[in-house]
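First comes the structure, then the notes that go with it.
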Amino acid sequence: MIKNISHIGIAVKDLDKAIEFYQKLGLELESTEVVESQKVKVAFFPVNNTRIELLSATSEDSPIAKFIEKKGEGIQHIAFAVDNLPESLKQSEEKGIVLIDKEPRPGAHNAQIAFLHPKSTGGVLVELCEEKH
Ligand code: ZN
């Protein structure tokens, strides 16, 4: 069901500043993108077969703005790559995992994504991600 860690999502206040930091570490910026449905602007840094996803809010009611308000900047979610997202959601629900998204929704990179609820994952916001190639 899970292939690899697609990316690690990190909530940041200042996207440009955060990009600068990861560039200083020697990583290469792959792309930036606004994801309207989530009210975020994201930046991706590939690291071998996974990525760092920096997320900044594009509006005050963005989930990222709320996250930073509550917990401060830092790791916000872990995304696992799956082959078949609808099937993974169905299986997760059958196993008693609480879903935030019952249906896949569009994420960055043309991927379909869905979140599992932290109350059934031990406090970690888990994203399942089906990447389109
Ligand atoms: Zn993500």
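Model, not experiment: these values are computed from the prediction. Just so you know, ligand 1 is whichever comes first in the structure, and atom 1 is the first atom listed for that ligand.
Taking 2.8 Å as the threshold, His7 counts as a candidate ligand of the Zn ion (ligand 1), since one of its N, O or S atoms lies below it.
Ion pairing between a basic and an acidic side chain is recognised when a charged N comes within 4.0 Å of a carboxylate O; Lys102 and Glu93 show such pairing. Under 4.0 Å is where a charged nitrogen must lie from a carboxylate oxygen, and between Lys66 and Asp61 no such pair does.
Taking the Zn ion (ligand 1) as reference, the nearest N/O/S atom within Glu53 carries the name OE1. Here the N, O or S atom of Glu127 that is nearest to the Zn ion (ligand 1) is OE1.
Under a 3.5 Å cut-off, the side chain of Ser120 and the backbone N or O of Ile97 do not form any donor-acceptor pair.
Side-chain contact between Ile19 and Val12 is absent, with no heavy-atom pair separated by less than 4.5 Å.
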